Trainee: 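Please find one structure pasted underneath; my questions will follow.
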Amino acid sequence: MIFFKSLTSNVGRRISCKYRWISTNVSEIRIYEVGPRDGLQNEAKFVPTDIKIELINKLVAAGLKHIESASFVSPKWVKQMSDGVDVMKNIPRAPGVNYPVLVPNLKGYETAKQCNVEEVAIFPAGSEGFSKKNLNCSVEEGIKRFKQVADQAIKDGLRVRGYVSCVVGCPYDGPINPKNIAKITEQLLDMGCYEVSLGDTIGVGTAGSVRRLLVEVLAVAKPDQLALHFHDTYGQGLSNLLAGLEFGINTVDSSISGLGGCPYARGASGNLATEDLVYFLYGLGVNTNIDLVKLIEAGRYISNFLGKTTESKVNRAISDRFNNSKDIVTMAACIL
Ligand SMILES: CC(C)(COP(=O)([O-])OP(=O)([O-])OC[C@H]1O[C@@H](n2cnc3c(N)ncnc32)[C@H](O)[C@@H]1OP(=O)([O-])[O-])[C@@H](O)C(=O)NCCC(=O)NCCSC(=O)C[C@@](C)(O)CC(=O)[O-]
C-alpha cells in the first residue's frame, strides 16, 4: 500500500509538470469482469449455457463483484451471445454481485428488463468506421439510439454504464483524435451513465497515447466516472493500466484468461487477463479482495472447455509448473 501510494504520488508529480494534472491515491481497485460477454463473444465454438453459468459462478466464488454476463445484441450479428436470456434467468444471483448486460438498442433493453437486470451497458463507437461495422449506423445515430436506451433505463430505475470503443485506434479509420473520445464521453455522462469505460478495442494503445487520451477525457469527466478497458493485442495492457492509474482512475475492466475480442474489430485480440491484473495489483499492495487461486481455477475451467492455452501469463506460469490445486495454493502463497 505504502509503495503504491508513493509510486502514484511520484509519477503524479511528474505528470503535473507536463499536463497540469494532480494524481490522486488509488488504494482500492474495482474490477469489472467482462469475460462471460466480451471474452466469449468472439469465440467460434458455441459455449453452452450451462458452461457460461458455471464460469460466472466460479468468477463469483473468486470474489468478483461486477461480472458482465451477457449481451442482448442481434443473434444474427453475434450468435455466441444468443442464449443471454437463459444465462440471465438461470444464474443464481449472489448477494452483492452486479450482473450487468450489454444492449445495443431498445429491443435489447426490453429483453434485459425482462431478465431483471439492475444494470445495462451501452456502447457507442469512437470512430465512424467501427460504428458502421459494429452497429450498422453512424456515431451520431448510435448516440441517439443509446440515449433512448439510457432514458428508458433510468426511468425504470436501472444503472447505465457507457463504453466508448476504439478510443485510441480504429481498424478502419486509423488513429483517433482524443478530443472525439472526450466529446462522446461527455455525451454519455450527460445521458446519465454513472461511468464510462474507455475501450482500446484493438489494443493498439501505449502508455503515451493513453496519457494523451486521458488528459482530454479528464477535462470533461472525473476519474471516478471513468473505467479503463484494455485489450492486450500488443502486450501493452498492464503498462497502459499503470498510465491510467496514475490519473486516479480506479475501475478496470478485464477478462478471465485474457479471452476477448470483437467480431467486428479486425485485429482485436483478448482483453487484459483478470489473473494478470490481480497479480499486478497484489504486487502494488492494492486491495482487490480477489482469491487468485480460485481465479486461476476459473481461467483453467474455461480454457480447458475451449481447448485453448490461457492467454493469462500468470495463469500459464502457475499452471505449467503445478498440476494439482494444492501446489497452486503453495505457489500463490509464495508469490504474494
Ligand atoms: C445494433 C444492431 C442490432 C443493428 O443491426 P441491424 O441489422 O442494423 O438492425 P435491424 O434493426 O435491422 O435488425 C436486424 C435483425 O436483428 C434483430 N434485432 C435487432 N436488435 C436486436 C436485439 N437487440 N436483440 C435481438 N434481435 C435484434 C431484428 O429484429 C432483425 O431481425 P429480423 O427482422 O431480420 O428477423 C446490430 O448491429 C448488433 O447487434 N450489433 C452488436 C454487435 C456486437 O455485439 N458487437 C460486440 C460488442 S461491442 C464490443 O465488444 C466493444 C466493447 C463494448 O467491448 C468495448 C471494447 O472492447 O473496446
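We count ligands from 1, going down the list as the structure has it; atoms in each ligand are counted the same way. Bear in mind that the values here come from a model prediction, so they are computed numbers and not experimental data.
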Trainee: Would you mind checking which non-hydrogen protein atom is closest to atom 50 (O) of ligand 1, with the distance to 0.1 Å?
Mentor: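 In this structure, atom 50 (O) of ligand 1 has Gln41 NE2, 2.7 Å as its nearest protein heavy atom.
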
Trainee: Using a 4.0 Å cutoff against the non-hydrogen atoms of Lys76, which atoms of ligand 1 qualify?
Mentor: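 So the answer, numbered in order with elements, is 31 (O), 32 (P), 34 (O), 35 (O).
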
Trainee: Do Lys155 and Asp151 sit within salt-bridge range, that is, some charged N less than 4.0 Å from a carboxylate O?
Mentor: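 So Lys155 does not pair with Asp151 through a salt bridge.
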
Trainee: Against heavy atoms of Gly199, which atoms of ligand 1 measure under 4.0 Å?
Mentor: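 Matching atoms, with element in brackets: 58 (O).
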
Trainee: Is it true that Ser71 lies under 4.0 Å from ligand 1, counting heavy atoms only?
Mentor: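 No, Ser71 has no heavy atoms under 4.0 Å from ligand 1.
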
Trainee: By number and element, which atoms of ligand 1 are closer than 4.0 Å to a non-hydrogen atom of Gly108?
Mentor: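 Heavy-atom distances to Gly108 below 4.0 Å select 23 (N).
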
Trainee: With a 4.0 Å cut-off, would you call Glu216 and Arg211 a salt bridge?
Mentor: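 Between Arg211 and Glu216 there is no salt bridge, as every charged N stays at least 4.0 Å from the carboxylate O atoms.
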
Trainee: Hey, are Thr274 and Glu33 close enough side-chain-wise for a donor-acceptor pair under 3.5 Å?
Mentor: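 Present: a donor and an acceptor within the cut-off.
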
Trainee: Pairing donors with acceptors under 3.5 angstrom, does anything connect the side chains of Asp156 and Gln152?
Mentor: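 Yes, a side-chain donor-acceptor pair sits under 3.5 Å.
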
Trainee: Is atom 44 (O) of ligand 1 touching the protein, meaning some protein heavy atom lies under 4.0 Å away?
Mentor: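 When distances to the protein are checked, atom 44 (O) of ligand 1 has a heavy atom within 4.0 Å.
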
Trainee: Suppose we measure from atom 6 (P) of ligand 1 to each protein heavy atom; which comes out shortest, and what is that distance?
Mentor: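 Of the protein heavy atoms, Asn136 ND2, 3.8 Å lies nearest.
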
Trainee: Are any of the protein's heavy atoms under 4.0 angstrom from atom 48 (S) of ligand 1, yes or no?
Mentor: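 So atom 48 (S) of ligand 1 has protein heavy-atom neighbours under 4.0 Å.
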
Trainee: Report yes or no: is the cationic atom of Lys79 (NZ for Lys, CZ for Arg) under 6.0 Å from the centre of the six-membered ring of Phe46, at an angle within 45° of the ring normal?
Mentor: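 Lys79 over Phe46 ring: yes.
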
Trainee: Please indicate whether any nitrogen or oxygen in Tyr163 is less than 3.5 Å from any nitrogen or oxygen in ligand 1.
Mentor: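 It does not: no N or O of Tyr163 is found under 3.5 Å from an N or O of ligand 1.
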
Trainee: Please report which non-hydrogen protein atom sits nearest to atom 24 (N) of ligand 1, along with the residue it belongs to and the distance in Å to one decimal place.
Mentor: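 For atom 24 (N) of ligand 1, the nearest protein heavy atom comes out as Val73 O, 3.4 Å.
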
Trainee: Look at atom 28 (C) of ligand 1 and say which protein heavy atom is nearest, naming residue and atom and giving the distance to 0.1 Å.
Mentor: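 So the nearest neighbour among protein heavy atoms is Lys107 CE, 4.3 Å.
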
Trainee: Using a 4.0 Å cutoff against the non-hydrogen atoms of Asp38, which atoms of ligand 1 qualify?
Mentor: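 Reading through ligand 1 atom by atom, the close ones are 50 (O), 54 (O), 57 (O).
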
Trainee: For ligand 1 and Thr201, I'd like to know whether there is a polar contact (N/O to N/O, distance under 3.5 Å).
Mentor: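 Looking only at distances, the answer is yes, because the N/O contact criterion of under 3.5 Å is met.
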
Trainee: For atom 51 (C) of ligand 1, grab the closest protein heavy atom and report residue, atom and distance to one decimal in Å.
Mentor: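 Of the protein heavy atoms, Ser165 CB, 4.2 Å lies nearest.
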
Trainee: Give the contacting part of Met81 toward ligand 1: side chain, backbone, both or neither, where contact means a heavy-atom distance below 4.0 Å.
Mentor: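 None of Met81 does.
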
Trainee: Where's the contact between Arg37 and ligand 1, heavy-atom distance under 4.0 Å: side chain, backbone, both or neither?
Mentor: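 Arg37 to ligand 1: side-chain contact only, backbone stays beyond 4.0 Å.
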
Trainee: Check contact between Arg145 and ligand 1, using heavy atoms of the residue and a distance below 4.0 angstrom.
Mentor: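 Yes.
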
Trainee: Do any non-hydrogen protein atoms sit less than 4.0 Å from atom 39 (O) of ligand 1?
Mentor: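 For atom 39 (O) of ligand 1 the answer is yes, since some protein heavy atom falls inside 4.0 Å.
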
Trainee: Test the Arg37-Tyr163 pair against the cation-pi criterion, namely NZ or CZ under 6.0 angstrom from the six-membered ring centroid and within 45° of the ring axis.
Mentor: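 Yes, cation above the ring, under 6.0 Å and within 45°.
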
Trainee: If I apply the N/O under 3.5 Å rule, does Phe72 come out as touching ligand 1?
Mentor: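 The answer is yes, given that Phe72 and ligand 1 share an N or O pair closer than 3.5 Å.
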
Trainee: I would like to know whether Arg161 and Asp253 meet salt bridge (Lys or Arg N to Asp or Glu O under 4.0 Å); could you show each step before the answer?
Mentor: CA-CA 12 Å; Arg161 188 181 207 238; Asp253 299 358; 2.8 Å; yes

Trainee: In terms of side-chain geometry, is the basic nitrogen of Lys133 or Asp173 positioned less than 4.0 Å from the acidic oxygen of its partner?
Mentor: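 No, Lys133 and Asp173 are not salt-bridged.
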
Trainee: Specify whether Tyr32 and His66 have parallel, tilted or perpendicular ring planes, treating 30° as the upper limit for parallel and 60° as the lower limit for perpendicular.
Mentor: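 Parallel, since the angle between the ring planes stays under 30°.
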
Trainee: Considering only protein heavy atoms, which is closest to atom 4 (C) of ligand 1, and at what distance to one decimal place?
Mentor: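 Residue, atom and distance for the closest contact: Leu135 O, 3.7 Å.
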
Trainee: Say whether, by atom type as modelled, one donor and one acceptor occur between the side chain of Thr310 and the main chain of Ser312 under 3.5 angstrom.
Mentor: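 Yes; judged by distance alone, with no hydrogens or angles, the pair exists.
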
Trainee: Answer with side chain, backbone, both or neither: which part of Asn105 has a heavy atom less than 4.0 angstrom from an atom of ligand 1?
Mentor: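 For Asn105, only side-chain atoms sit under 4.0 Å from ligand 1.
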
Trainee: Ligand 1 versus Thr111, non-hydrogen atoms closer than 4.0 Å: side chain, backbone, both, neither?
Mentor: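 Neither part.
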
Trainee: May I ask you to decide whether Glu43 forms a salt bridge with Lys308, counting only side-chain N to carboxylate O separations under 4.0 Å?
Mentor: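 Counted as a salt bridge, because a side-chain N and a carboxylate O are separated by less than 4.0 Å.
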
Trainee: Thinking salt bridges, do Arg145 and Glu141 make one under a 4.0 Å N-O criterion?
Mentor: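 Result for this pair is no, no salt bridge flagged.
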
Trainee: Find all atoms of ligand 1 within a distance of less than 4.0 Å from any non-hydrogen atom belonging to Pro75, and give their numbers and elements.
Mentor: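 Under 4.0 Å from Pro75, ligand 1 has these atoms: 25 (C), 26 (N).
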
Trainee: Quiz question: by atom type and distance under 3.5 Å, do the side chains of Asn98 and Arg159 form a donor-acceptor pair?
Mentor: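 Checked: Asn98/Arg159 side chains pair up, N/O donor to acceptor below 3.5 Å.
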
Trainee: Determine whether the side chains of Ser255 and Asp38 contain a donor N or O and an acceptor N or O closer than 3.5 Å.
Mentor: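 Judged by distance alone, the side chains do not pair up.
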
Trainee: Heavy-atom distances under 4.0 Å are what count here, so tell me which part of Ser74 touches ligand 1: side chain, backbone, both or neither.
Mentor: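 Within the 4.0 Å criterion, Ser74 contacts ligand 1 through backbone and side-chain atoms alike.
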
Trainee: Name the one of Val217, Ile176, Leu188 that satisfies side chain to side chain contact (heavy atoms under 4.5 Å, CB included) with Val164?
Mentor: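 Answer after filtering Val217, Ile176, Leu188: Leu188.
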
Trainee: Does some non-hydrogen atom of the protein lie less than 4.0 angstrom from atom 30 (C) of ligand 1?
Mentor: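 Not a single protein heavy atom is under 4.0 Å away.
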
Trainee: Show me which atoms of ligand 1 lie under 4.0 Å from any heavy atom of Pro104.
Mentor: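 Ligand 1 atoms under the 4.0 Å threshold to Pro104: 1 (C), 23 (N).
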
Trainee: Is there at least one protein heavy-atom neighbour under 4.0 Å from atom 9 (O) of ligand 1?
Mentor: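 Within 4.0 Å of atom 9 (O) of ligand 1, no protein heavy atoms are found.
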
Trainee: Side chains of Glu119 and Tyr194: is there a donor and an acceptor less than 3.5 Å apart?
Mentor: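 On atom types as modelled, these side chains qualify, holding a pair under 3.5 Å.
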
Trainee: Just which atoms of ligand 1 are under 4.0 Å from any heavy atom in Leu102?
Mentor: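 Answer, ordered by atom number: 47 (C).
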
Trainee: Between Asp200 and His229, does a side-chain hydrogen bond (donor to acceptor under 3.5 Å, both in side chains) hold up when you go through it step by step?
Mentor: CA-CA 6 Å; Asp200 180 13; His229 180 110; over 6 Å; no

Trainee: For ligand 1, is any non-hydrogen atom under 4.0 Å from Asn134's backbone (N, CA, C, O), its side chain (CB onward), both, or neither?
Mentor: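 Answer for Asn134: both.
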
Trainee: Is the terminal nitrogen or CZ of Lys45 (NZ for Lys, CZ for Arg) located under 6.0 angstrom from the six-membered ring centre of Phe305 and within 45° of that ring's axis?
Mentor: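 Geometry flag: set, cation within 6.0 Å and 45°.
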
Trainee: Considering all protein heavy atoms, does one lie under 4.0 Å from atom 14 (C) of ligand 1?
Mentor: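 Given the 4.0 Å limit, the answer for atom 14 (C) of ligand 1 is no, no protein heavy atom qualifies.
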
Trainee: Which protein non-hydrogen atom lies closest to atom 5 (O) of ligand 1, naming both residue and atom, and how far is it?
Mentor: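 It is Trp77 NE1, 3.4 Å.
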
